[in-house]
Q: 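Mind looking over this structure? Questions follow.
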There are 2 protein chains.
Amino acid sequence: MLNDLDERIVHALAEDARRSYADIGQLVGLSAPAVKRRVDRLRATGAITGFTVRVDPAALGWETEGFVEIHCRRNTSPETIQRGLERYQEVVAASTVTGDADAIAQVFASDMRHFERVLERIAGEPFVERTKSVLVLSPLLRRFSSGSPT
Amino acid sequence: MLNDLDERIVHALAEDARRSYADIGQLVGLSAPAVKRRVDRLRATGAITGFTVRVDPAALGWETEGFVEIHCRRNTSPETIQRGLERYQEVVAASTVTGDADAIAQVFASDMRHFERVLERIAGEPFVERTKSVLVLSPLLRRFSSGSPT
DNA sequence: AGTGAAAGGGCCACGAG
DNA sequence: CTCGTGGCCCTTTCACT
């Protein structure tokens, strides 16, 4: 688990991951090497899994966003779903969930036609029985990033 | 809009935002200053909104994740929903959507009891009529981060 | 955890295509 | 207008205290 110092370091990195160790050190009251040692340890233990860029999807031409509930055939393993979905660049996040659906995938596409095409291809996957999707009208809130890169 | 070079630079930064400009340059066939100039321009135009750390929620003690569909009372504006939800640290993302629900919020909590408490508080908001939530069983995939910091 | 020195990256001004 | 080069300075990183 993390102590207070680690948490403040992570918070500083969440705001700007390219901030220098000296800067962070001044913020939390540590020297630059001390901060680096803690960050290295956080990476080693898996608390920090990496550093990434924060992107404006619209500016990149990804204007259409949606969530796709995926209903799978019986006896589909999470690994099968993962391998099936990670091949789509448009799928930026996916999880297995409780409730009616088996998994939810978050999809970014350039426009409606693109979104529809991706949806059709996912629905055509052998492990997929049916899908139900909702489109995002407007993003209200986005905080930080979680998980590991693929 | 972005050309091929910019897209490859963003991709490289998505994998590791602390990678050096020289490294990225080697990857895309440019010199370090050329890469920096392009990154600066991408930040200026808003395509890149920042750099952040990728965190393992479980390692930080956020073991319980879920999506909350929110059904609002009639005539609730997106701004009202945003202002209502941004006060919850546990809500890491939210959007208005098409379909049955009016909005979907992504929630991280330390455990089930915490999740339930947040859910009850959200359900108690004056603009909320009812909620329906699904719990994440296992994250399968997470790609990059989008949007602006709060 | 802090200090100092060596290596490497960021960043600016300039010249070339 | 965009890229590459060279040089300075700050940051990272390591051994040592």
Side-chain angles (χ1 to χ4, degrees), chain A residues 1-63 89 110 143-150, chain B residues 1-56 59-61 142-149:
Chain A
M1 207 89 327
L2 275 68
N3 64 27
D4 202 59
L5 229 46
D6 290 325
E7 206 153 337
R8 284 164 67 196
I9 292 172
V10 170
H11 200 86
L13 286 170
E15 281 178 352
D16 181 5
R18 287 187 81 99
R19 182 174 280 176
S20 78
Y21 291 132
D23 263 25
I24 300 168
Q26 216 164 14
L27 226 86
V28 304
L30 245 55
S31 71
V35 174
K36 186 199 181 305
R37 278 193 284 263
R38 290 184 105 94
V39 172
D40 284 346
R41 211 194 56 203
L42 289 168
R43 298 196 68 162
T45 59
I48 291 177
T49 59
F51 301 94
T52 190
V53 65
R54 216 193 297 259
V55 157
D56 177 13
L60 283 157
W62 302 93
E63 309 244 350
Q89 282 209 320
S110 54
R143 295 213 167 100
F144 45 166
S145 181
S146 57
S148 48
T150 47
Chain B
M1 203 92 324
L2 275 69
N3 63 27
D4 201 60
L5 231 45
D6 290 325
E7 207 154 336
R8 284 163 68 196
I9 291 172
V10 170
H11 201 87
L13 285 171
E15 282 178 351
D16 180 6
R18 285 187 81 99
R19 183 174 281 176
S20 77
Y21 291 131
D23 265 23
I24 299 168
Q26 217 163 16
L27 228 89
V28 304
L30 245 55
S31 73
V35 173
K36 187 204 180 303
R37 277 191 286 260
R38 291 183 103 95
V39 171
D40 284 346
R41 211 192 50 199
L42 290 169
R43 298 195 66 165
T45 59
I48 291 178
T49 59
F51 300 95
T52 190
V53 64
R54 216 193 297 259
V55 156
D56 178 12
L60 283 156
R142 288 192 208 276
R143 295 214 168 100
F144 40 170
S145 182
S146 56
S148 47

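Residue numbers start from 1 in every chain, and the chains themselves are labelled A, B, ... in the order their sequence lines are given, proteins ahead of strands.
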Q: Atom CD1 of B:I24 and atom P of C:dG8: how far apart are they, to the nearest Å?
A: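 Atom-to-atom, B:I24 to C:dG8, this comes out as 19 Å.
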Q: Establish whether the base of C:dG2 is bridged to the side chain of A:R37 by a donor-acceptor pair shorter than 3.5 Å.
A: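 Side chain to base: pair found, below 3.5 Å.
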Q: Can you tell me the distance, in whole Å, between the CG atom of B:D40 and the P atom of D:dC3?
A: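 Value for this atom pair: 12 Å.
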Q: What is the distance, rounded to the nearest whole Å, between atom OH of A:Y21 and atom C1' of C:dG8?
A: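 Going from OH in A:Y21 over to C1' in C:dG8 covers 14 Å.
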Q: Pick out which of B:K36, B:R43, B:R37 makes a side chain to side chain donor-acceptor pair (under 3.5 Å) with B:D40.
A: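 The residue from B:K36, B:R43, B:R37 that satisfies side chain to side chain donor-acceptor pair (under 3.5 Å) with B:D40 turns out to be B:K36.
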Q: Can you identify which nucleotide, out of D:dT2, D:dT12, C:dG10, has its nearest atom closest to the B:R41 side chain?
A: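 Between D:dT2, D:dT12, C:dG10, the one nearest the side chain of B:R41 would be D:dT2.
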Q: So, does A:S110 use its side chain to make a donor-acceptor pair with the main chain of A:G61 at under 3.5 Å?
A: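 No; zero donor-acceptor contacts below 3.5 Å.
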Q: If we check side chain to side chain contact (heavy atoms under 4.5 Å, CB included) with B:I24, which of these qualifies: B:V10, B:V35, B:L30?
A: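 Single side chain to side chain contact (heavy atoms under 4.5 Å, CB included) partner of B:I24 among B:V10, B:V35, B:L30: B:V35.
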Q: In whole Å, I'd like the distance from the CZ atom of A:F51 to the P atom of D:dT12.
A: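 Going from A:F51 (CZ) to D:dT12 (P), I get 11 Å.
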Q: Are any of A:K36's side-chain N or O atoms less than 4.0 Å away from OP1 or OP2 of D:dT13?
A: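 A:K36 to D:dT13 OP1/OP2: side-chain N or O found under 4.0 Å.
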Q: Check the distance between C:dG10's P and A:D23's CG and give it to me in whole angstrom.
A: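 One finds 15 Å between P of C:dG10 and CG of A:D23, rounded.
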Q: Measure from the side-chain heavy atoms of A:P33 and tell me the nearest of C:dG4, C:dC11, D:dT2.
A: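 Nearest listed nucleotide: C:dG4.
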Q: With heavy-atom distances below 4.5 Å as the criterion, would you say the side chains of A:I48 and A:L13 are in contact?
A: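 Heavy-atom side-chain distance check passes, below 4.5 Å.
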Q: Does B:V35 or A:A22 map to a spot on DNA chain D nearer the 5' end, using the closest nucleotide for each?
A: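 In this pair, the answer is B:V35.
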Q: Want to settle it: does A:R18 or A:L30 sit nearer the 5' end of DNA chain C, counting the closest nucleotide to each?
A: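 The residue mapped nearer the 5' terminus is A:L30.
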